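Remember, predicted model here, so these are calculated numbers, not experimental data. We count ligands from 1, going down the list as the structure has it; atoms in each ligand are counted the same way.
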Amino acid sequence: MSHHGGLMEIDVAIVGAGFGGLGAAIQLQRAGFTDFLVFERSDDVGGTWRDNTYPGCACDVPSHLYSFSFAANPSWSETFSGQREIWDYLRGCVDRFGVRPKLRLRHELRRADWDARRGRWRLDTSGGEYWARVLICATGPLSEPAVPDLPGLETFAGTVFHSARWRHDHDLTGRRVAVIGTGASAVQFVPRIQPVVTRLTLFQRTPAWLMSRRSRRISRLEQAVFRRLPATQRTVRAAGYLAREAMAVGFLHPTVNRIAARRSLRKLRREVADPRLRATLTPGYTMGCKRVLISDEYWPALTRGNVDVVDAGIRRITADGLVTADGVHHPADTIILGTGFHVTDPPVVSRIHGRDGRSLAEEWTPSMRAYRGTTVAGFPNLFFLLGPNTGLGHTSVVLMIEAQLRLIIGALRHLRATGVAAIEPTAEAQRRWTERVDRRMRGTVWQTGCASWYLDATGRNSTIWPGYATGYRWRLRRFRPADHQAVEIDGADRDLERSDAV
Ligand code: NAP
């Protein structure tokens, strides 16, 4: 750390302290790059696992896999852990790897500008201004709740909240609750709130494909074995990894999915006796086109006497309820939005301004593109964790984060070894990468015609990695100097750069 022009100067700025940002901090520290800070807008770490506290919130990827490869947790209490346990795990990692001094909580990134004269990012945060040579954006695809533009929402006299901003101070006992959305979040909280509310009206736009969850408790004996013989947990993790990779076959070759779809429909028949409700819940699109959800409680909860599933579109909201397209008024005193996140238009990107002053939002309009899902031409020394086309439907995104971190550390070592101040991918390398991704996307289940948040405004899938996690990891195994160009530092500070590098 040093100062320049009254501003604190650091080598690497990490924005966000969720899985990505904490992973970056830990891996940088372990690799010997210790001059960094983590800026987090909230007052605690954990990202999406801090924000999503709705009842029933849990991960649908097994915990042994949904954790850092370098930080096993022998104490997971369930095969699919709940939010609290994952959040505790992340908080535990902060101290386990000694990165707490690096955290700058309540520091929201307001603006980042590449300063070509200094070859540095100038960062304006709510906790002060900084210079950083490298910017790692780890703000996460699921950090900004999407609130639908429903006419009259502001006139609603009751309580409205989003699933990622759960109002624990609002007791749902005896309430008439309207839930909008039937995605991964709603599927988890609906069975939890159904027994306590008087009336639950679930507004479904698209029914979800569901598979069994079959989570089970991990016994004390198993935990003791994992603790004493860490290799056993690594084996369980490896087996889980391979099993999950096998699941990708169905996404990449949709015909294979027919077997899984038949199983899902059998489960629906078993869990829902009423043929009309069953028809409402039967998906009309290829399984996997939207995220496949896992639950053993969701469909049974919808058969209860206090639940209505409404699939007519919402026309408007009144002071005391919702009116659907068929003119029916559905009374409610609470509306819970299970309506997802700004995934293809994350607000943070309008705050990052590259070499020619353009924002990343402009660069990514109408579609997000990044070399290896990580770096962007025109944005020197910027690394984006879980950037375009790095999402997964079948396994743990922590695998993708770790692959990206390996690449970033490779890039930092390259900068150190060559004395080059800044790099960015060549436009050609970025184009080639994107073309390959788009080509591989054709024929996958995500292109079978459903509307999903995987697709951006142009209909392009800019979120999902169309392959196996193994394939992505392999492609990112090393930094490729040939795909990058050094970025000119044009100002008087160039000499300073040289002396810095020595
Ligand atoms: P989501 O999957 O985006 O689901 C949003 C739901 O709201 C969809 O059913 C959508 O309907 C509906 N919706 C959105 N806007 C609407 C509108 N204007 N009117 C009516 N309905 C509307 O969001 P999510 O459930 O919060 O999950 C987001 C992602 O978070 C997941 O895909 C997953 O990656 C992650 N997640 C994971 C877990 C887990 O691990 N178990 C749990 C929660 C979340 P349409 O389908 O018709 O668009």
Please state which protein non-hydrogen atom is closest to [atom] and give its distance, to 0.1 Å?
atom                    : answer
atom 17 (C) of ligand 1 : Arg205 NH1, 3.4 Å
atom 47 (O) of ligand 1 : Thr206 OG1, 2.4 Å
atom 37 (C) of ligand 1 : Ala184 CB, 3.9 Å
atom 24 (P) of ligand 1 : Ser185 OG, 3.3 Å
atom 46 (O) of ligand 1 : Lys290 NZ, 2.7 Å
atom 9 (O) of ligand 1  : Thr182 N, 2.9 Å
atom 12 (C) of ligand 1 : Gly181 CA, 3.6 Å
atom 41 (N) of ligand 1 : Gln188 NE2, 2.9 Å

Taking atom types as modelled, is there a side-chain donor on Gln83 or Thr53 under 3.5 Å from an acceptor on the other?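 Per modelled atom types, Gln83 and Thr53 side chains form no pair under 3.5 Å.
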
Tell me whether Tyr54 has any N or O atom under 3.5 angstrom from an N or O of ligand 1.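 It does not: no N or O of Tyr54 is found under 3.5 Å from an N or O of ligand 1.
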
Close side-chain approach of Lys267 to Ser212, heavy-atom, < 4.5 Å: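 Contact flag for Lys267/Ser212 side chains = yes.
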
Considering only heavy atoms from C-beta outward, does the side chain of Ser81 approach that of Cys59 to under 4.5 Å?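 Side chain of Ser81 against side chain of Cys59, heavy atoms only: no contact under 4.5 Å found.
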
Does this structure show an ion pair linking Arg216 with Glu222, if we count only N-O contacts that are shorter than 4.0 Å?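 Counted as a salt bridge, because a side-chain N and a carboxylate O are separated by less than 4.0 Å.
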
Is Arg351 paired with Glu108 through a side-chain N to carboxylate O contact shorter than 4.0 Å?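 Arg351 and Glu108: salt-bridged.
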
Within this structure, what is the CZ-CZ distance for the pair Arg41 and Phe39, rounded to the nearest 0.5 Å?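 The CZ atom of Phe39 is 15.5 Å from CZ of Arg41, to the nearest 0.5 Å.
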
